[in-house]
Trainee: 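Have a look at this one.
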Number of protein chains: 2
Amino acid sequence: MTQWQGENNFALFKSTAPVSDSQVCSAFYQQHKNKVAVQKEKIAVGKLKTIITATFKLSNKKGFSLMSLRDLSQETGMSMGSLYAYIGSKGQLAEMIHQFLPHMFDLCIVEQIQGSDAIDLKLKKIVRGHIFVTECLQPWFFFAFMETKHLSKNVKQLAKDNELGSEAMLEEVINEGEQQGIFKASNHFMAVMLIKSLLQGWYVKHGRYKQHKMSCENYIDFIETVINQQLLVNDSI
Amino acid sequence: MTQWQGENNFALFKSTAPVSDSQVCSAFYQQHKNKVAVQKEKIAVGKLKTIITATFKLSNKKGFSLMSLRDLSQETGMSMGSLYAYIGSKGQLAEMIHQFLPHMFDLCIVEQIQGSDAIDLKLKKIVRGHIFVTECLQPWFFFAFMETKHLSKNVKQLAKDNELGSEAMLEEVINEGEQQGIFKASNHFMAVMLIKSLLQGWYVKHGRYKQHKMSCENYIDFIETVINQQLLVNDSI
DNA sequence: GTCTATATCTGGATAGAC
DNA sequence: GTCTATCCAGATATAGAC
(Lines give C-alpha, C1' and ligand atoms only; values in the text may rest on other atoms or scores of the structure.)
Protein backbone atom coordinates (compact mmCIF):
# COMPACT_ATOMS: atom_id res chain seq x y z
CA MET A 1 0.00 0.00 0.00
CA THR A 2 3.00 2.34 -0.03
CA GLN A 3 4.20 1.81 -3.59
CA TRP A 4 1.70 3.52 -5.87
CA GLN A 5 2.95 7.10 -6.16
CA GLY A 6 0.26 8.66 -8.23
CA GLU A 7 1.57 7.18 -11.44
CA ASN A 8 -0.82 6.79 -14.32
CA ASN A 9 -0.46 3.04 -14.32
CA PHE A 10 -3.62 1.14 -13.58
CA ALA A 11 -2.00 -2.27 -13.22
CA LEU A 12 0.33 -0.90 -10.57
CA PHE A 13 -2.57 0.63 -8.70
CA LYS A 14 -4.55 -2.57 -8.76
CA SER A 15 -1.66 -4.53 -7.36
CA THR A 16 -1.18 -2.17 -4.43
CA ALA A 17 -4.73 -1.16 -3.43
CA PRO A 18 -7.22 -3.62 -1.90
CA VAL A 19 -9.59 -3.63 -4.87
CA SER A 20 -9.89 -7.25 -5.93
CA ASP A 21 -13.39 -8.70 -5.79
CA SER A 22 -12.71 -10.68 -2.67
CA GLN A 23 -10.90 -7.84 -0.91
CA VAL A 24 -13.77 -5.48 -1.64
CA CYS A 25 -16.45 -7.83 -0.44
CA SER A 26 -14.65 -8.71 2.73
CA ALA A 27 -14.01 -5.03 3.47
CA PHE A 28 -17.74 -4.51 2.96
CA TYR A 29 -18.53 -7.31 5.38
CA GLN A 30 -16.12 -5.94 7.96
CA GLN A 31 -17.74 -2.53 7.85
CA HIS A 32 -21.25 -3.91 8.32
CA LYS A 33 -20.69 -7.01 10.44
CA ASN A 34 -23.00 -5.82 13.16
CA LYS A 35 -25.97 -5.52 10.83
CA VAL A 36 -25.59 -9.01 9.34
CA ALA A 37 -27.34 -11.82 11.20
CA VAL A 38 -25.33 -14.64 9.64
CA GLN A 39 -22.29 -15.44 11.74
CA LYS A 40 -19.92 -17.48 9.57
CA GLU A 41 -17.70 -14.99 7.78
CA LYS A 42 -16.96 -17.04 4.68
CA ILE A 43 -20.62 -17.65 3.95
CA ALA A 44 -21.60 -14.09 4.69
CA VAL A 45 -18.96 -12.55 2.41
CA GLY A 46 -19.92 -14.79 -0.48
CA LYS A 47 -23.64 -14.19 -0.21
CA LEU A 48 -23.24 -10.47 0.24
CA LYS A 49 -21.33 -10.46 -3.00
CA THR A 50 -24.18 -12.20 -4.84
CA ILE A 51 -26.73 -9.89 -3.28
CA ILE A 52 -24.88 -6.75 -4.22
CA THR A 53 -24.09 -7.87 -7.74
CA ALA A 54 -27.76 -8.70 -8.29
CA THR A 55 -28.81 -5.39 -6.77
CA PHE A 56 -26.64 -3.47 -9.22
CA LYS A 57 -27.93 -5.47 -12.15
CA LEU A 58 -31.59 -5.01 -11.29
CA SER A 59 -31.18 -1.35 -10.30
CA ASN A 60 -29.61 -0.66 -13.64
CA LYS A 61 -32.59 -2.12 -15.38
CA LYS A 62 -35.52 -0.75 -13.42
CA GLY A 63 -34.11 1.42 -10.67
CA PHE A 64 -33.67 0.46 -7.04
CA SER A 65 -37.13 1.43 -5.86
CA LEU A 66 -38.81 -0.60 -8.58
CA MET A 67 -36.68 -3.61 -7.80
CA SER A 68 -38.76 -5.77 -5.48
CA LEU A 69 -37.18 -8.11 -3.00
CA ARG A 70 -38.89 -10.89 -4.89
CA ASP A 71 -36.92 -9.88 -7.96
CA LEU A 72 -33.81 -9.87 -5.87
CA SER A 73 -34.64 -13.24 -4.38
CA GLN A 74 -35.07 -14.71 -7.84
CA GLU A 75 -31.92 -13.15 -9.25
CA THR A 76 -29.77 -14.33 -6.35
CA GLY A 77 -31.38 -17.73 -6.07
CA MET A 78 -31.95 -17.02 -2.39
CA SER A 79 -35.27 -17.06 -0.56
CA MET A 80 -36.87 -14.00 0.98
CA GLY A 81 -36.08 -15.32 4.43
CA SER A 82 -32.43 -15.79 3.54
CA LEU A 83 -32.12 -12.30 2.17
CA TYR A 84 -33.32 -10.86 5.42
CA ALA A 85 -30.58 -12.71 7.25
CA TYR A 86 -28.17 -10.41 5.45
CA ILE A 87 -29.77 -7.09 4.83
CA GLY A 88 -32.08 -6.07 7.64
CA SER A 89 -34.30 -4.14 5.25
CA LYS A 90 -34.37 -2.93 1.69
CA GLY A 91 -33.52 0.60 2.72
CA GLN A 92 -30.61 -0.56 4.81
CA LEU A 93 -29.16 -2.37 1.81
CA ALA A 94 -28.95 0.89 -0.10
CA GLU A 95 -27.48 2.64 2.90
CA MET A 96 -24.77 0.06 3.44
CA ILE A 97 -23.67 0.46 -0.15
CA HIS A 98 -23.54 4.24 0.17
CA GLN A 99 -21.64 4.15 3.41
CA PHE A 100 -19.09 1.81 1.94
CA LEU A 101 -17.74 4.18 -0.70
CA PRO A 102 -16.08 6.83 1.46
CA HIS A 103 -14.63 3.92 3.39
CA MET A 104 -13.01 2.61 0.20
CA PHE A 105 -11.58 6.01 -0.62
CA ASP A 106 -9.97 6.02 2.76
CA LEU A 107 -8.48 2.60 2.22
CA CYS A 108 -7.21 3.30 -1.28
CA ILE A 109 -6.10 6.86 -1.71
CA VAL A 110 -6.35 9.04 1.38
CA GLU A 111 -2.96 8.11 2.74
CA GLN A 112 -1.46 8.62 -0.72
CA ILE A 113 -2.40 12.25 -0.88
CA GLN A 114 -1.50 13.29 2.60
CA GLY A 115 2.22 13.61 1.94
CA SER A 116 3.98 16.88 1.28
CA ASP A 117 4.22 16.55 -2.48
CA ALA A 118 4.58 19.41 -4.92
CA ILE A 119 1.13 20.82 -5.39
CA ASP A 120 0.70 19.83 -9.02
CA LEU A 121 1.71 16.27 -8.20
CA LYS A 122 -0.81 16.27 -5.40
CA LEU A 123 -3.56 17.23 -7.81
CA LYS A 124 -2.47 14.48 -10.18
CA LYS A 125 -2.64 11.98 -7.34
CA ILE A 126 -6.16 13.05 -6.46
CA VAL A 127 -7.35 12.83 -10.06
CA ARG A 128 -5.71 9.51 -10.79
CA GLY A 129 -6.74 8.04 -7.47
CA HIS A 130 -10.36 8.96 -8.09
CA ILE A 131 -10.44 7.51 -11.57
CA PHE A 132 -8.69 4.32 -10.53
CA VAL A 133 -10.96 3.71 -7.56
CA THR A 134 -14.12 4.46 -9.50
CA GLU A 135 -12.88 2.24 -12.32
CA CYS A 136 -12.56 -0.68 -9.93
CA LEU A 137 -15.91 0.00 -8.30
CA GLN A 138 -17.82 1.49 -11.20
CA PRO A 139 -21.18 -0.20 -10.49
CA TRP A 140 -20.99 0.93 -6.88
CA PHE A 141 -20.43 4.56 -7.72
CA PHE A 142 -22.98 4.56 -10.47
CA PHE A 143 -25.52 3.13 -8.08
CA ALA A 144 -24.67 5.72 -5.45
CA PHE A 145 -24.97 8.53 -7.98
CA MET A 146 -28.33 7.44 -9.37
CA GLU A 147 -30.01 6.25 -6.19
CA THR A 148 -29.29 9.00 -3.69
CA LYS A 149 -32.99 9.67 -3.32
CA HIS A 150 -33.80 6.56 -1.31
CA LEU A 151 -31.70 7.25 1.73
CA SER A 152 -32.52 8.14 5.29
CA LYS A 153 -31.95 11.71 6.33
CA ASN A 154 -28.74 10.87 8.13
CA VAL A 155 -27.12 9.08 5.24
CA LYS A 156 -28.27 11.75 2.81
CA GLN A 157 -26.48 14.30 4.96
CA LEU A 158 -23.39 12.13 5.01
CA ALA A 159 -23.42 11.94 1.22
CA LYS A 160 -23.75 15.70 0.94
CA ASP A 161 -20.90 16.23 3.40
CA ASN A 162 -18.67 13.95 1.35
CA GLU A 163 -19.49 15.92 -1.78
CA LEU A 164 -18.65 19.21 -0.19
CA GLY A 165 -15.58 17.74 1.44
CA SER A 166 -14.14 16.68 -1.88
CA GLU A 167 -14.92 20.08 -3.35
CA ALA A 168 -13.18 21.74 -0.44
CA MET A 169 -10.13 19.56 -0.90
CA LEU A 170 -9.86 20.47 -4.57
CA GLU A 171 -10.34 24.13 -3.83
CA GLU A 172 -7.60 24.02 -1.22
CA VAL A 173 -5.19 22.47 -3.69
CA ILE A 174 -6.00 25.11 -6.26
CA ASN A 175 -5.56 27.90 -3.75
CA GLU A 176 -2.22 26.60 -2.65
CA GLY A 177 -1.04 26.12 -6.23
CA GLU A 178 -2.03 29.65 -7.05
CA GLN A 179 -0.14 31.08 -4.09
CA GLN A 180 2.91 29.17 -5.24
CA GLY A 181 2.54 30.65 -8.71
CA ILE A 182 2.08 27.24 -10.33
CA PHE A 183 -1.63 27.52 -11.01
CA LYS A 184 -3.71 30.28 -12.46
CA ALA A 185 -7.48 30.13 -12.18
CA SER A 186 -9.82 32.91 -13.05
CA ASN A 187 -12.63 31.24 -11.16
CA HIS A 188 -11.82 28.67 -8.52
CA PHE A 189 -15.35 27.46 -8.12
CA MET A 190 -15.68 26.74 -11.83
CA ALA A 191 -12.33 24.98 -11.89
CA VAL A 192 -13.51 22.71 -9.09
CA MET A 193 -16.80 21.97 -10.80
CA LEU A 194 -15.03 21.18 -14.05
CA ILE A 195 -12.71 18.71 -12.39
CA LYS A 196 -15.57 17.07 -10.56
CA SER A 197 -17.60 16.69 -13.75
CA LEU A 198 -14.69 15.05 -15.48
CA LEU A 199 -14.20 12.66 -12.58
CA GLN A 200 -17.89 11.79 -12.35
CA GLY A 201 -18.20 11.37 -16.09
CA TRP A 202 -15.98 8.33 -15.93
CA TYR A 203 -18.33 6.19 -13.89
CA VAL A 204 -21.61 7.75 -14.97
CA LYS A 205 -20.99 7.19 -18.68
CA HIS A 206 -18.79 4.16 -18.28
CA GLY A 207 -20.68 2.16 -20.90
CA ARG A 208 -20.10 4.68 -23.66
CA TYR A 209 -16.37 4.82 -22.94
CA LYS A 210 -16.08 1.04 -22.97
CA GLN A 211 -17.87 0.94 -26.30
CA HIS A 212 -15.14 3.15 -27.69
CA LYS A 213 -12.45 1.05 -26.03
CA MET A 214 -11.23 3.97 -23.98
CA SER A 215 -9.09 2.82 -21.07
CA CYS A 216 -9.04 4.64 -17.76
CA GLU A 217 -5.41 5.55 -18.36
CA ASN A 218 -6.30 7.22 -21.66
CA TYR A 219 -9.17 8.97 -19.96
CA ILE A 220 -6.80 10.30 -17.33
CA ASP A 221 -4.47 11.57 -20.03
CA PHE A 222 -7.33 13.40 -21.64
CA ILE A 223 -8.77 15.05 -18.57
CA GLU A 224 -5.34 16.03 -17.28
CA THR A 225 -4.85 17.92 -20.52
CA VAL A 226 -8.11 19.75 -20.04
CA ILE A 227 -7.40 20.48 -16.38
CA ASN A 228 -3.87 21.68 -17.10
CA GLN A 229 -5.11 24.05 -19.76
CA GLN A 230 -7.31 25.59 -17.12
CA LEU A 231 -4.84 25.65 -14.28
CA LEU A 232 -1.21 25.51 -15.30
CA VAL A 233 0.65 28.77 -15.71
CA ASN A 234 3.27 27.15 -17.91
CA ASP A 235 1.20 24.85 -20.04
CA SER A 236 3.62 23.50 -22.61
CA ILE A 237 1.48 21.63 -25.09
CA MET B 1 -38.56 33.34 -33.73
CA THR B 2 -36.15 34.57 -36.38
CA GLN B 3 -34.21 37.14 -34.39
CA TRP B 4 -32.00 35.27 -31.94
CA GLN B 5 -28.80 34.59 -33.88
CA GLY B 6 -26.85 32.51 -31.43
CA GLU B 7 -25.86 35.49 -29.36
CA ASN B 8 -24.90 34.95 -25.76
CA ASN B 9 -27.76 37.05 -24.52
CA PHE B 10 -30.29 35.24 -22.43
CA ALA B 11 -32.87 38.02 -22.31
CA LEU B 12 -32.92 38.15 -26.10
CA PHE B 13 -33.39 34.40 -26.31
CA LYS B 14 -36.23 34.44 -23.84
CA SER B 15 -38.04 37.11 -25.75
CA THR B 16 -37.85 35.21 -29.03
CA ALA B 17 -38.32 31.56 -28.03
CA PRO B 18 -41.64 30.21 -26.67
CA VAL B 19 -40.34 29.51 -23.18
CA SER B 20 -42.59 31.46 -20.84
CA ASP B 21 -44.49 29.37 -18.32
CA SER B 22 -47.76 29.66 -20.16
CA GLN B 23 -46.24 29.02 -23.57
CA VAL B 24 -44.51 25.92 -22.27
CA CYS B 25 -47.59 24.50 -20.64
CA SER B 26 -49.80 25.11 -23.59
CA ALA B 27 -47.25 23.53 -25.93
CA PHE B 28 -47.28 20.57 -23.57
CA TYR B 29 -51.03 20.38 -23.73
CA GLN B 30 -51.02 20.59 -27.50
CA GLN B 31 -48.59 17.72 -27.80
CA HIS B 32 -50.65 15.47 -25.52
CA LYS B 33 -54.22 16.60 -26.17
CA ASN B 34 -55.33 13.15 -27.21
CA LYS B 35 -54.30 11.57 -23.92
CA VAL B 36 -56.07 14.15 -21.74
CA ALA B 37 -59.71 13.44 -20.92
CA VAL B 38 -60.60 16.98 -19.90
CA GLN B 39 -61.87 18.94 -22.88
CA LYS B 40 -61.73 22.62 -21.90
CA GLU B 41 -58.29 23.86 -22.91
CA LYS B 42 -57.92 26.61 -20.34
CA ILE B 43 -58.68 24.31 -17.43
CA ALA B 44 -56.52 21.52 -18.78
CA VAL B 45 -53.46 23.73 -19.31
CA GLY B 46 -53.67 25.17 -15.83
CA LYS B 47 -54.11 21.87 -14.06
CA LEU B 48 -51.38 20.20 -16.07
CA LYS B 49 -49.09 22.93 -14.89
CA THR B 50 -49.91 22.24 -11.24
CA ILE B 51 -49.53 18.52 -11.74
CA ILE B 52 -46.15 18.80 -13.40
CA THR B 53 -44.80 21.32 -10.92
CA ALA B 54 -45.83 19.05 -8.06
CA THR B 55 -44.35 16.03 -9.80
CA PHE B 56 -40.98 17.76 -10.09
CA LYS B 57 -41.06 18.83 -6.47
CA LEU B 58 -41.92 15.40 -5.13
CA SER B 59 -39.57 13.57 -7.49
CA ASN B 60 -36.75 15.75 -6.31
CA LYS B 61 -37.45 14.79 -2.77
CA LYS B 62 -38.11 11.06 -2.99
CA GLY B 63 -37.76 10.07 -6.62
CA PHE B 64 -40.56 9.48 -9.07
CA SER B 65 -41.16 5.84 -8.25
CA LEU B 66 -41.46 6.56 -4.53
CA MET B 67 -43.88 9.39 -5.15
CA SER B 68 -47.36 7.90 -4.76
CA LEU B 69 -50.32 9.34 -6.59
CA ARG B 70 -51.77 10.02 -3.16
CA ASP B 71 -48.75 12.23 -2.46
CA LEU B 72 -49.35 13.92 -5.77
CA SER B 73 -53.03 14.33 -5.02
CA GLN B 74 -52.22 16.02 -1.73
CA GLU B 75 -49.55 18.30 -3.19
CA THR B 76 -51.77 19.44 -6.05
CA GLY B 77 -54.91 19.72 -3.97
CA MET B 78 -56.67 17.52 -6.51
CA SER B 79 -58.41 14.22 -5.88
CA MET B 80 -57.25 10.90 -7.26
CA GLY B 81 -60.16 10.86 -9.65
CA SER B 82 -59.28 14.31 -10.97
CA LEU B 83 -55.67 13.37 -11.52
CA TYR B 84 -56.71 10.49 -13.70
CA ALA B 85 -58.70 12.85 -15.87
CA TYR B 86 -55.35 14.33 -16.91
CA ILE B 87 -52.71 11.67 -16.82
CA GLY B 88 -54.04 8.29 -17.89
CA SER B 89 -51.56 6.52 -15.66
CA LYS B 90 -48.53 7.23 -13.56
CA GLY B 91 -46.21 5.79 -16.14
CA GLN B 92 -47.77 7.85 -18.87
CA LEU B 93 -47.14 11.01 -16.88
CA ALA B 94 -43.41 10.31 -16.92
CA GLU B 95 -43.54 9.47 -20.59
CA MET B 96 -45.33 12.65 -21.55
CA ILE B 97 -42.68 14.69 -19.81
CA HIS B 98 -39.90 12.83 -21.58
CA GLN B 99 -41.52 13.12 -24.97
CA PHE B 100 -41.97 16.82 -24.52
CA LEU B 101 -38.30 17.74 -24.37
CA PRO B 102 -37.20 16.90 -27.90
CA HIS B 103 -40.31 18.71 -28.99
CA MET B 104 -39.14 21.85 -27.18
CA PHE B 105 -35.72 21.62 -28.76
CA ASP B 106 -37.42 21.56 -32.12
CA LEU B 107 -39.47 24.61 -31.26
CA CYS B 108 -36.60 26.61 -29.82
CA ILE B 109 -33.36 25.91 -31.57
CA VAL B 110 -33.54 23.47 -34.45
CA GLU B 111 -34.42 26.04 -37.05
CA GLN B 112 -31.69 28.31 -35.70
CA ILE B 113 -28.90 25.84 -36.43
CA GLN B 114 -30.01 24.70 -39.84
CA GLY B 115 -28.64 27.69 -41.68
CA SER B 116 -25.34 27.73 -43.52
CA ASP B 117 -23.32 29.53 -40.90
CA ALA B 118 -19.58 29.37 -40.49
CA ILE B 119 -18.87 26.14 -38.66
CA ASP B 120 -17.57 27.71 -35.47
CA LEU B 121 -20.64 29.91 -35.25
CA LYS B 122 -22.80 26.86 -35.74
CA LEU B 123 -21.15 25.16 -32.78
CA LYS B 124 -21.69 28.28 -30.71
CA LYS B 125 -25.35 28.28 -31.62
CA ILE B 126 -25.70 24.66 -30.58
CA VAL B 127 -23.97 25.23 -27.25
CA ARG B 128 -25.82 28.42 -26.42
CA GLY B 129 -29.15 27.05 -27.57
CA HIS B 130 -28.76 24.02 -25.35
CA ILE B 131 -27.84 26.00 -22.29
CA PHE B 132 -30.61 28.53 -22.81
CA VAL B 133 -33.28 25.90 -23.32
CA THR B 134 -32.15 23.82 -20.37
CA GLU B 135 -31.98 26.95 -18.25
CA CYS B 136 -35.62 27.72 -18.99
CA LEU B 137 -36.71 24.13 -18.44
CA GLN B 138 -34.19 23.03 -15.84
CA PRO B 139 -36.57 20.96 -13.69
CA TRP B 140 -37.81 19.16 -16.79
CA PHE B 141 -34.36 18.15 -17.94
CA PHE B 142 -33.24 17.22 -14.49
CA PHE B 143 -36.27 15.00 -14.13
CA ALA B 144 -35.64 13.38 -17.49
CA PHE B 145 -32.01 12.76 -16.62
CA MET B 146 -32.68 11.19 -13.24
CA GLU B 147 -35.80 9.22 -14.01
CA THR B 148 -35.00 7.50 -17.30
CA LYS B 149 -35.30 4.13 -15.63
CA HIS B 150 -39.07 4.21 -15.28
CA LEU B 151 -40.01 4.38 -18.91
CA SER B 152 -41.63 1.97 -21.29
CA LYS B 153 -39.34 0.25 -23.76
CA ASN B 154 -40.42 2.51 -26.59
CA VAL B 155 -39.77 5.75 -24.80
CA LYS B 156 -36.47 4.46 -23.47
CA GLN B 157 -35.43 3.80 -27.03
CA LEU B 158 -36.55 7.27 -28.02
CA ALA B 159 -34.43 8.78 -25.27
CA LYS B 160 -31.40 6.78 -26.36
CA ASP B 161 -31.92 7.81 -29.98
CA ASN B 162 -32.05 11.45 -28.99
CA GLU B 163 -28.81 11.07 -27.06
CA LEU B 164 -27.03 9.48 -29.97
CA GLY B 165 -28.55 11.96 -32.37
CA SER B 166 -27.14 14.91 -30.48
CA GLU B 167 -23.75 13.20 -30.30
CA ALA B 168 -23.85 12.60 -34.03
CA MET B 169 -24.68 16.24 -34.66
CA LEU B 170 -21.74 17.42 -32.59
CA GLU B 171 -19.42 14.97 -34.25
CA GLU B 172 -20.54 16.14 -37.66
CA VAL B 173 -19.81 19.74 -36.76
CA ILE B 174 -16.38 18.82 -35.48
CA ASN B 175 -15.60 16.82 -38.60
CA GLU B 176 -16.62 19.65 -40.86
CA GLY B 177 -14.65 22.18 -38.85
CA GLU B 178 -11.59 20.01 -39.04
CA GLN B 179 -11.86 19.62 -42.81
CA GLN B 180 -12.07 23.39 -43.06
CA GLY B 181 -8.95 23.73 -40.96
CA ILE B 182 -10.74 25.67 -38.24
CA PHE B 183 -10.84 22.91 -35.65
CA LYS B 184 -8.22 20.49 -34.49
CA ALA B 185 -9.23 17.50 -32.38
CA SER B 186 -6.98 14.64 -31.46
CA ASN B 187 -9.97 12.54 -30.47
CA HIS B 188 -13.40 13.41 -31.82
CA PHE B 189 -15.26 11.09 -29.53
CA MET B 190 -13.68 12.62 -26.45
CA ALA B 191 -14.38 16.11 -27.70
CA VAL B 192 -18.04 15.23 -28.09
CA MET B 193 -18.24 13.67 -24.65
CA LEU B 194 -16.58 16.70 -23.09
CA ILE B 195 -19.04 19.07 -24.69
CA LYS B 196 -21.98 16.93 -23.66
CA SER B 197 -20.76 16.76 -20.07
CA LEU B 198 -20.46 20.51 -19.93
CA LEU B 199 -23.96 20.94 -21.33
CA GLN B 200 -25.50 18.39 -18.98
CA GLY B 201 -23.65 19.80 -16.00
CA TRP B 202 -25.68 22.95 -16.22
CA TYR B 203 -29.03 21.37 -15.45
CA VAL B 204 -27.81 18.46 -13.36
CA LYS B 205 -25.93 20.66 -10.88
CA HIS B 206 -28.11 23.70 -11.29
CA GLY B 207 -28.48 24.22 -7.57
CA ARG B 208 -24.76 24.51 -6.93
CA TYR B 209 -24.37 27.08 -9.68
CA LYS B 210 -27.25 29.14 -8.39
CA GLN B 211 -25.70 29.11 -4.93
CA HIS B 212 -22.62 30.70 -6.42
CA LYS B 213 -24.71 33.19 -8.37
CA MET B 214 -23.41 31.93 -11.68
CA SER B 215 -25.62 33.03 -14.55
CA CYS B 216 -26.14 30.91 -17.63
CA GLU B 217 -24.36 33.52 -19.70
CA ASN B 218 -21.28 33.29 -17.51
CA TYR B 219 -21.48 29.54 -17.67
CA ILE B 220 -21.53 29.72 -21.45
CA ASP B 221 -18.49 31.97 -21.42
CA PHE B 222 -16.66 29.47 -19.29
CA ILE B 223 -17.46 26.34 -21.25
CA GLU B 224 -16.81 28.03 -24.58
CA THR B 225 -13.31 28.77 -23.31
CA VAL B 226 -12.81 25.13 -22.43
CA ILE B 227 -14.24 23.93 -25.72
CA ASN B 228 -12.22 26.36 -27.76
CA GLN B 229 -9.02 25.27 -26.06
CA GLN B 230 -9.81 21.77 -27.24
CA LEU B 231 -10.97 22.57 -30.72
CA LEU B 232 -9.77 25.88 -32.10
CA VAL B 233 -6.64 25.90 -34.18
CA ASN B 234 -6.10 29.59 -33.54
CA ASP B 235 -7.02 29.94 -29.92
CA SER B 236 -6.10 33.47 -29.01
CA ILE B 237 -6.52 33.68 -25.27
C1' DG C 1 -28.73 -20.85 7.92
C1' DT C 2 -32.38 -21.55 4.71
C1' DC C 3 -36.81 -22.34 3.30
C1' DT C 4 -42.19 -21.79 2.78
C1' DA C 5 -46.20 -19.70 4.13
C1' DT C 6 -48.45 -15.85 5.60
C1' DA C 7 -49.67 -11.37 7.93
C1' DT C 8 -50.10 -6.67 6.86
C1' DC C 9 -50.08 -2.70 4.33
C1' DT C 10 -49.56 0.45 0.51
C1' DG C 11 -50.24 2.00 -4.02
C1' DG C 12 -52.35 2.19 -8.66
C1' DA C 13 -56.51 2.29 -10.75
C1' DT C 14 -61.73 2.55 -11.42
C1' DA C 15 -66.87 3.09 -10.61
C1' DG C 16 -70.40 5.92 -9.86
C1' DA C 17 -72.59 9.83 -7.28
C1' DC C 18 -72.77 14.72 -7.72
C1' DG D 1 -65.11 17.94 -14.31
C1' DT D 2 -64.51 16.57 -9.60
C1' DC D 3 -65.03 13.88 -5.63
C1' DT D 4 -65.44 9.63 -2.45
C1' DA D 5 -65.33 4.92 -1.81
C1' DT D 6 -63.54 0.76 -3.07
C1' DC D 7 -61.12 -3.08 -5.52
C1' DC D 8 -57.11 -5.72 -5.96
C1' DA D 9 -52.32 -6.61 -7.19
C1' DG D 10 -48.05 -6.62 -5.37
C1' DA D 11 -44.73 -5.16 -1.87
C1' DT D 12 -42.21 -5.48 2.70
C1' DA D 13 -41.44 -8.03 6.42
C1' DT D 14 -41.90 -11.96 9.77
C1' DA D 15 -42.97 -16.57 11.93
C1' DG D 16 -41.85 -20.99 12.38
C1' DA D 17 -40.66 -25.59 10.32
C1' DC D 18 -36.57 -27.94 8.82
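Lettering follows sequence order; numbering is per chain, from 1. In this text, all values refer to a predicted model and were calculated from it rather than measured experimentally.
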Trainee: Please collect all salt bridge (Lys or Arg N to Asp or Glu O under 4.0 Å) contacts where either partner lies in residues 5-16 of chain A, sequence neighbours excluded, each pair once.
Mentor: none
Trainee: Sorted by first residue and then second, give each salt bridge (Lys or Arg N to Asp or Glu O under 4.0 Å) pair with at least one member in residues 40-53 of chain A; sequence neighbours left out.
Mentor: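 For residues 40-53 of chain A, and leaving out neighbouring residues, the salt bridge (Lys or Arg N to Asp or Glu O under 4.0 Å) pairs sorted by first residue read A/D21-A/K49.
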Trainee: Whole angstroms only, please: what is the CD1-C1' distance between A/I87 and D/dT14?
Mentor: 13 Å
Trainee: Among B/F141, B/F143, B/F142, exactly one meets ring-ring contact (aromatic ring centres under 6.0 Å, His included) together with B/Y203. Which residue is that?
Mentor: B/F141
Trainee: Tell me, which pairs form a salt bridge (Lys or Arg N to Asp or Glu O under 4.0 Å) where one or both residues lie in residues 157-172 of chain A, sequence neighbours left out?
Mentor: A/E163-A/K196, A/E167-A/K196, A/E167-B/R208
Trainee: Apply salt bridge (charged side-chain N to carboxylate O under 4.0 Å, His left out) to B/K62 and list each qualifying residue two or more places apart in sequence or on a separate chain.
Mentor: B/D71
Trainee: Can you tell me how far C1' of D/dG1 sits from CE of B/M78, to the nearest Å?
Mentor: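 In whole Å, D/dG1 C1' and B/M78 CE are 10 Å from each other.
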Trainee: Mind calculating the distance between CD1 (B/I43) and C1' (D/dT2) to the nearest angstrom?
Mentor: 10 Å
Trainee: Output the rounded distance in Å from NZ (B/K42) to C1' (D/dG1).
Mentor: 17 Å
Trainee: Among residues two or more places apart or on two chains, list those pairs meeting ring pair (Phe, Tyr, Trp, His ring centres under 6.0 Å) that have a residue in residues 30-53 of chain A.
Mentor: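 As it turns out, the ring pair (Phe, Tyr, Trp, His ring centres under 6.0 Å) pairs with a partner in residues 30-53 of chain A, which skip direct neighbours, are A/F28-A/H32.
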Trainee: Go along nucleotides 11-18 of chain C 5' to 3' and tag each nucleotide: B for a protein heavy atom under 4.0 Å from its base, S when only backbone or sugar atoms are that close, - otherwise.
Mentor: BBBB----
Trainee: Rounded to whole angstroms, how far apart are CG on A/L83 and C1' on C/dC3?
Mentor: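 Distance, rounded to whole Å: 12 Å.
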Trainee: Please check the phosphate of C/dT2 (OP1 and OP2 only) for any side-chain N or O of A/S79 closer than 4.0 Å.
Mentor: no
Trainee: Looking at B/K47, does any N or O in its side chain come under 4.0 Å of the phosphate oxygens OP1/OP2 on D/dT2?
Mentor: yes
